[in-house]
2 protein chains.
Amino acid sequence: MPKPRTHPRKRPRQARSNATVEAILQAATYILVKDGWARFTTNRIAERAGVNIASLYQYFPNKESIVIELQRRHMEKATRAAPDAIATLQAKGDLRALFKALATASMEEHRAAPALHRVFAEELPRSARRANPAHEAQVHALLMSLVRPHARNVPDLDLATFIVRAAGHAIVHEAANERPELLERPEFAEEIALLMERYLCRPEPPAAKRSKTRAQTTRK
Amino acid sequence: MPKPRTHPRKRPRQARSNATVEAILQAATYILVKDGWARFTTNRIAERAGVNIASLYQYFPNKESIVIELQRRHMEKATRAAPDAIATLQAKGDLRALFKALATASMEEHRAAPALHRVFAEELPRSARRANPAHEAQVHALLMSLVRPHARNVPDLDLATFIVRAAGHAIVHEAANERPELLERPEFAEEIALLMERYLCRPEPPAAKRSKTRAQTTRK
DNA sequence: TGGCAAAGCAAGTTTTAGCTTACATTATAT
DNA sequence: ATATAATGTAAGCTAAAACTTGCTTTGCCA
């Protein structure tokens, strides 16, 4: 039994083959967005791209590799804008501003390619999903470091960071799917930022049971 | 061309056939949870259930109907517990307590069948998903009515409700998938409740630009 | 106890998706 | 301009998945 292929047989070298690859990816995007994963077949992709199915298999070893390339490109675009947004905002030193910027960036990203984003997040079978725990952990650590200096009276910062990340992502994602008009409203980003700020920046704890005023807890 | 079947050919009438149906659903659950949608095939289901594939097609008109029945049963179980939790908590009249109870209920539900829940939420193709906008709208309206009496200085309650719902659901769901141990910790529910309460129960607005102390805005 | 409906099954049929083979055409470099 | 690599395609193969047909067995009830 021939082991399943893992690399493309050829890499596009001339302009013509490059165009072929682009056509394939464009057709793949179209089909994925319009018809979903269930009807995402190599035959259909090749047909819509106007290239022969065999050509498709010259540049992609298998079906999965196509969707992986789509995700790679998407991620590339998405992460290009993030760092400077963070840097700019960290200077301001304001939790609210930070989250507003993050929310806005996320909203823009979703607005740019809402359907594709939905498919990546919801519709791909687990096998085709970027299982990238390292990246996830990195994001988590970064967010936590951003938040730490401004958090007030948060007993478990790791937990809080988890909550903030999950909530932030899901809110924008849900909005993109169910209420796309929200992505156009700046107040939406403001509300998200407010949610985060009020959660992370808490008043002095009720001073347990006995001590009424003390309470300088910054434990851990 | 024979139109695609939509109803089962037979309904189980005797004990034996009833057991067959149960075996099918049990096997379907197992496969869905263990191997995911991609390997969720009628042949495999029948094999694991120990029944003939043709028998399966006596009681289920097609593959989708199996997963739909699974979802129906799951929802049935899940919604049985909700109403009294709400009723009990509405009496208390405390936003924090309400959200803590809701979060706890959600956590328990996820804990009971985490894998199945994940599959329903993430892995099913759109065709097999319960597209039930009416139900969604109902939940939204209910939550908004629960929250309204306690919200303070929330300019757009509909938006806030959307945010709260999306966030609440996603946080528990993410936890179930990535940090299942959180589902065991009561503080987790407390943190979620805190997130909601602090977001919905806001201090008097900063009184625009000039007036320093006044500010009794409850606009809209 | 025999007749009939319910239940069950072996062994298909059909379709289609993923992928390959074998050959034809086009570009590049010398 | 011609050898050679790059690119393209027609026509399949293979396997598996959804679903049927035709028949046998089981249970119910008079």
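Proteins get letters first, then strands, A, B, ... in listed order; numbering begins at 1 in each.
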Next item on the list: Please report, rounded to the nearest Å, how far the P atom of C/dA17 is from the CD1 atom of A/I66.
Entry: 14 Å
Check: Looking at C/dT20, C/dT28, D/dA17, which one has an atom nearest to any side-chain atom of A/R9?
Finding: C/dT20
Checklist line | Atom-to-atom span, CD of A/Q58 to C1' of C/dC19 - whole angstrom | finding: 12 Å
Item checked: Protein-nucleotide distance (A/I24, atom CD1; D/dT9, atom C1'), rounded to Å -> 13 Å
Next item on the list: Between B/A15 and A/R16, just flag the one whose closest nucleotide in DNA chain D comes earlier from the 5' side.
Entry: A/R16
Next item on the list: Provide, to the nearest angstrom, the distance between the CG atom belonging to A/L56 and the C1' atom belonging to D/dA10.
Entry: 16 Å
Item checked: Candidates D/dA18, C/dA27, C/dC19 - which lies nearest the side chain of A/Q14 -> C/dA27
Margin query: Rounded to whole Å, please give me the gap between CD1 in B/I45 and P in D/dC19.
Written below: 11 Å
Checklist line | Along DNA chain D (nearest heavy atom to each residue), the more 5'-positioned of A/N43 and A/N52 | finding: A/N52
Next item on the list: Please work out if A/S55 contacts a base, only the sugar-phosphate, or nothing of the nucleic acid, heavy-atom cut-off 4.0 Å.
Entry: base
Next item on the list: Round to the nearest Å and state the distance from A/I31 atom CD1 to C/dA17 atom P.
Entry: 11 Å
Note to self: Regarding A/R11, tell me which of base, sugar-phosphate or nothing describes its non-hydrogen contacts under 4.0 Å with the strands shown.
What the structure shows: sugar-phosphate
Check: Would you say B/T42 reaches D/dA18's phosphate, i.e. side-chain N/O to OP1/OP2 under 4.0 Å?
Finding: yes
Notebook entry, point to check: Counting only N and O atoms by type, is there a donor-acceptor contact under 3.5 Å from the side chain of B/R44 to the main-chain atoms of B/A27?
Noted result: no
Next item on the list: Using the six-membered ring wherever Trp is involved, compare the ring planes of A/H173 and A/H117 and label them parallel, tilted or perpendicular (cut-offs 30° and 60°).
Entry: tilted
Notebook entry, point to check: If every non-hydrogen atom of B/P61 is compared with every non-hydrogen atom of B/S65, which pair is closest and at what distance?
Noted result: CD-OG, 3.3 Å
Checklist line | Separation of D/dA10 P from A/Y57 OH (nearest whole Å) | finding: 17 Å
Next item on the list: Give A/F60 one of three labels, base, sugar-phosphate or nothing, depending on what nucleic acid heavy atoms sit under 4.0 Å from its own.
Entry: nothing
Next item on the list: Check every atom of D/dA18, C/dC9, D/dT9 against the side chain of B/V51 and return the nucleotide holding the closest atom.
Entry: C/dC9
Check: Should B/T20 be listed as having a side-chain N or O under 4.0 Å from OP1 or OP2 of C/dG8?
Finding: yes
Notebook entry, point to check: Of all the nucleotides listed (C/dA7, D/dG8, C/dT20), which has the minimum atom distance to the side chain of A/S17?
Noted result: D/dG8
Next item on the list: Respond yes when some side-chain nitrogen or oxygen of B/R13 is under 4.0 Å from OP1 or OP2 of D/dC28, and no when none is.
Entry: no
Next item on the list: Please work out whether the ring planes of A/F188 and B/F162 are parallel, tilted or perpendicular, with thresholds of 30° and 60°.
Entry: tilted
Next item on the list: Using whole Å, report how far CZ of A/R39 lies from P of C/dA17.
Entry: 9 Å
Check: Could one point to a donor on the side chain of B/K10 or the base of C/dA7 with an acceptor on the other under 3.5 Å away?
Finding: yes
Check: Between B/H140 and B/D158, is any side-chain donor less than 3.5 angstrom from a side-chain acceptor?
Finding: yes
Margin query: Once you apply a heavy-atom cut-off of 4.0 Å, does A/I53 come out as touching a base, just sugar-phosphate, or nothing?
Written below: base
Next item on the list: With DNA chain C as reference, determine whether B/P12 or B/A54 sits nearer its 5' end, using the nearest nucleotide of each.
Entry: B/P12
Margin query: Between B/R39 and B/I31 (side chain of the first, backbone of the second, donor and acceptor by atom type, cut-off under 3.5 Å), is there such a pair?
Written below: no
